Q: 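The structure's right below; bear with me while I get my questions together.
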Number of protein chains: 2
Amino acid sequence: MPSKPAKPRTMFGIRDPKAPQTPTASIEEVARLAGVSTATVSRVINNVPNKASQATRERVLRAVEALSYLPSRAGRALRQKRSHIVGVLAPDLGNAYHALISGSIERALREQGLVMVLANTGEDPDLQDAMLQEMRALQVFGIVMLGAVESPELQHGLKSNEPLVFVNRRCPYDVPARHVGIDNVLAASEVAEYLFARHHRGAWIFHAPLKSSASRDRVTSFQRKFQELAGADCPLPEIVVSTRRRDSAYQLARQHISAETPPRAIFCTTDEIAYGVARHCLEIGLSLPQDVTIFGFDGNPMNEFLAPWLSTVRSPYELFGPAVVGALGAFYDEGEASRPLDTILPFEIILSNGLHTTRTSSTTGAYVK
Amino acid sequence: MPSKPAKPRTMFGIRDPKAPQTPTASIEEVARLAGVSTATVSRVINNVPNKASQATRERVLRAVEALSYLPSRAGRALRQKRSHIVGVLAPDLGNAYHALISGSIERALREQGLVMVLANTGEDPDLQDAMLQEMRALQVFGIVMLGAVESPELQHGLKSNEPLVFVNRRCPYDVPARHVGIDNVLAASEVAEYLFARHHRGAWIFHAPLKSSASRDRVTSFQRKFQELAGADCPLPEIVVSTRRRDSAYQLARQHISAETPPRAIFCTTDEIAYGVARHCLEIGLSLPQDVTIFGFDGNPMNEFLAPWLSTVRSPYELFGPAVVGALGAFYDEGEASRPLDTILPFEIILSNGLHTTRTSSTTGAYVK
DNA sequence: CGATTAAGGGTAATCGATTACCCTCGTCAA
DNA sequence: TTGACGAGGGTAATCGATTACCCTTAATCG
């Protein structure tokens, strides 16, 4: 076995750095000041019932205050074999959709006294694996997979019943797993209905590779509904964009869309794709949405200002955080244990007339299954 | 002293939940399997020189592999009084600027084997204080303040020499502190030069309240340069937007900008503000940038697609992560200790002709001072 | 009145790493 | 030949919390 090239694990090349330390009070000192044992301090802090009299409790809290004591997370985690950290693995913070959902999750976690570790995985299975291992080493309270891809460690995590919650995209493996998202099938079908009702008898579809359940649901449901309404032979050409969505969509639009015979309706499976397509359409002098109706997916709040010509399906960003917290709770709380695996959030269809948009609540709201 | 209302600190209302545990191997088991002491295992793992023969090293690494051992972060942190976590406190992930910089920081940290805890503070001093305390309890490796506001705990952290790095906005207190950002003074002055060169003899300024050094630098430098070029009596009306930037800018633009006598040039201290202003301009039928030249600040990559009419100062997002890591290193690495407090990154001026943009490198590049 | 039981609180084990300190060999120079 | 020194490695203390277990006291119940 060849020796490994001694990759140093230490930070910045030196061991035991001159660590700027803030010597903070320990539970020991609090106990001494309050005149009780550390056990009692711990119990007071953690509100263990029937383990401290009112008087003791107050003495302890006074000492905590006086020393501005903060329990060491490391000590606690070591003993409990569990930290109060929740890992969020997202493909890319540069994508507004992921950033907004991460923000919502962070707020909801904070209200539970949890903190969020956030990692960009770039949809790379190796990176995802590395971060999943990191989460295991941190003994996290939960792991939120925002856009999971298939990877060995994910499979392993599912087997060992790790507290995983899949957001938006479902678990890539066919096993029962907790999930939070909107009903993409219903949403895409409503988009098809809308386009048909506006006298469109066909549409182009720009979509990402069908690796994720979200993309698949959107595309197939759109096709099914459209063909149900307009006949099985209605034109629904598909164009598949690659990873760098905006740019790729723009390039592909340049190749396929001309000013003379543009498609009258385009369905994009994300807003990002729509931005690329629309950019080209505007550059060749088409008016949106008069000449071409473009539908996106996600509902970036910025659209109202920057893309008022875009119709889209708006995700309820602000609801993701609470829903994720609820799903995580099911791993721990007896009461929540029977909660259904899927949490389906309501979406809105946002229709554009070019300058302004109108919101339409979905025909059905949120539901669980 | 009245009894506190026993706010439970436990998660989800119950103690000792049915914790889905993945029993992971400990250093003890690795040592046993390799036939050495835990001390040796630790030394091999941490690459302590001259503490293990090649043969021993290989036996240990083989055992590590066999048990797929991962060192417990809690155990390590407890002993070393320092975790490998870096806290990033950002105002709002919904803002693309903050999201992109956070993403860049995360990538750079990961390459050092560090992980990022991210928290939205919403520029709220109380929230910022709560998170600063949380970081202390986590004994973080460093704290990145992306848009800091004044708060007691921040002051305290500065006094105790906590490893703080301020990004974009400088430290709100007048003490020496590490900082990473662009030269806002230079950038704003170049914008003024550009507008003057395009025959503008005045400009409106939309800016956020001047709480942060970034806003102040941008506004005052722009004013100074413009007056230097166009005379002290050139018209430079200021309009101050409030917290919800896009909306507020839009409302204020509605109040002040009419189609009959629009300003010919508008300088906005962030892209977000520019979006709001531009939205109104487009709604009242003005052409951008033919009728009105709008300058933003930050350079959201989305602009190329959604706001090609916007000229802006582009921040080098991808450079923030490495720069922040370098600044953090100065707290630990002897070699980096003499690194200057300020890391100034280069910016680009992006000029719009309506449909396309051209990049202009700044007259001076990055520098340190 | 004796037996239970609940409340209040202390003792010490425990979690999993790192590291100060000590020990044993060789090697090598004086 | 001796002493110093470096390499290699073990022992046990230590970090800061939580919690199993035990003890005392007072109240309650039949």
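Just so it is clear, the values below take in all heavy atoms, side chains as well, and ignore hydrogens, waters and symmetry mates. So you know, we letter chains A, B, ... as the sequences are listed, proteins then strands, and number each from 1. Since this is a predicted model, take the numbers as computed values, not measurements.
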Q: Starting from C1' on dT11(C), measure out to CD on Glu28(A) and report it in whole angstrom.
A: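 Distance, rounded to whole Å: 13 Å.
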
Q: Round to the nearest Å and state the distance from Leu78(A) atom CG to dT14(C) atom C1'.
A: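 Whole-Å distance recorded here is 8 Å.
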
Q: Nearest whole angstrom, please: distance from the C1' of dG8(C) to the CD of Gln54(A).
A: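 Roughly 13 Å, once rounded to whole Å.
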
Q: Between Lys81(A) and dT14(C), is there a contact of a side-chain N or O with OP1 or OP2 at under 4.0 Å?
A: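 No, outside the criterion.
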
Q: Any N or O donor-acceptor pair linking the side chain of Arg79(A) to the base of dT14(C) at under 3.5 Å?
A: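 Donor-acceptor pair under 3.5 Å: yes.
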
Q: Whole-Å distance between dC15(C) P and Ile27(A) CD1?
A: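 For the pair Ile27(A) CD1 and dC15(C) P, the rounded distance is 19 Å.
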
Q: Relative to the 5' end of DNA chain C, which residue comes earlier, Lys51(B) or Arg73(B), by the nucleotide with the nearest heavy atom?
A: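 The residue whose closest nucleotide sits nearer the 5' end is Arg73(B).
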
Q: Taking atom P of dA17(C) as reference, at what distance in whole Å does atom CG of Leu138(A) sit?
A: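 Roughly 13 Å, once rounded to whole Å.
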
Q: When you get a sec, tell me which of dA17(C), dG9(C), dA7(C) is the closest nucleotide to the side chain of Ala52(A)?
A: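 Nearest listed nucleotide: dG9(C).
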
Q: Return no unless some side-chain N or O of Thr40(B) is found under 4.0 Å from OP1 or OP2 of dG8(D).
A: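 For dG8(D), neither OP1 nor OP2 has a side-chain N or O of Thr40(B) closer than 4.0 Å.
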
Q: Among dG9(D), dG16(D), dG10(D), find the nucleotide with the atom closest to the side chain of Ala39(B).
A: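 Among the listed nucleotides, the one closest to the side chain of Ala39(B) is dG10(D).
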
Q: Would you mind classifying the nucleic acid contact of Val36(A) as base, sugar-phosphate or nothing, using non-hydrogen atoms under 4.0 angstrom?
A: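 Counting heavy atoms under 4.0 Å across all strands, the contact made by Val36(A) is with sugar-phosphate only.
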
Q: Would you indicate, yes or no, if dG10(C) has its OP1 or OP2 atom less than 4.0 angstrom from a side-chain nitrogen or oxygen of Ser37(A)?
A: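 True: Ser37(A) side-chain N/O within range (under 4.0 Å) of dG10(C) OP1/OP2.
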
Q: Please name the pair of heavy atoms, one in Ser102(A) and one in Leu118(A), separated by the smallest distance, quoted to 0.1 Å.
A: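 So the minimum-distance heavy-atom pair works out to OG-CD1, 4.0 Å.
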
Q: So, is Thr56(B) near the phosphate of dG9(D), with a side-chain N or O under 4.0 Å from OP1 or OP2?
A: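 Affirmative; the distance criterion is met.
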
Q: So which of Arg73(B), Gln112(B), Arg76(B) actually passes side-chain hydrogen bond (donor to acceptor under 3.5 Å, both in side chains) with His84(B)?
A: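 Of all the options given, the one that passes is Arg73(B).
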
Q: What is the distance, to the nearest angstrom, from the CG atom on Asn46(B) to the P atom on dT19(C)?
A: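 Whole-Å distance recorded here is 7 Å.
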
Q: Which atom names give the shortest non-hydrogen contact between Val44(A) and Ala52(A), and what distance separates them?
A: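 Nearest pair, atom of Val44(A) first, then Ala52(A): CG2-CB, 3.8 Å.
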
Q: Carefully, step by step, assess Arg110(B) and Glu134(A) under the rule salt bridge (charged side-chain N to carboxylate O under 4.0 Å, His left out).
A: CA-CA 11 Å; Arg110(B) 189 199 319 129; Glu134(A) 181 64 55; over 6 Å; no

Q: Could you check which of dT19(D), dA17(D), dG9(D) has an atom nearest any side-chain atom of Arg43(B)?
A: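 Taking heavy atoms from C-beta onward, the closest nucleotide is dG9(D).
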
Q: Answer with base, sugar-phosphate or nothing: what part of the nucleic acid does Ser42(B) contact at a heavy-atom distance below 4.0 Å?
A: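 Base: the residue Ser42(B), judged by heavy atoms under 4.0 Å, touches a nucleobase.
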
Q: In whole angstrom, what separates Arg82(A)'s CZ from dG16(C)'s P?
A: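 So the CZ-P distance, Arg82(A) to dG16(C), works out to 13 Å.
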
Q: Going through the distances and angles, do Asp333(B) and Arg339(B) end up as a salt bridge (charged side-chain N to carboxylate O under 4.0 Å, His left out)?
A: CA-CA 10 Å; Asp333(B) 191 327; Arg339(B) 162 190 278 267; over 6 Å; no

Q: So which nucleotide from dT18(D), dC15(D), dA17(C) ends up closest to the side chain of Pro71(B)?
A: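 Closest nucleotide to the Pro71(B) side chain: dA17(C).
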
Q: Are the charged groups of Arg107(B) and Glu111(B) less than 4.0 angstrom apart, N to O?
A: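 Looking at Glu111(B) together with Arg107(B), the answer is no, because their closest N to O distance does not fall below 4.0 Å.
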
Q: If I take atom OH in residue Tyr69(A) and atom P in nucleotide dT18(D), what distance separates them, rounded to the nearest angstrom?
A: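 Atom OH in Tyr69(A) sits about 6 Å away from atom P in dT18(D).
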
Q: Is there a side-chain contact between Gln80(B) and the phosphate of dT14(D), meaning an N or O under 4.0 Å from OP1 or OP2?
A: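 The answer is no; no side-chain N or O of Gln80(B) sits under 4.0 Å from OP1 or OP2.
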
Q: Do the side-chain N or O atoms of Ser53(A) get closer than 4.0 angstrom to the phosphate oxygens (OP1, OP2) of dG9(C)?
A: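 Yes, within the criterion.
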
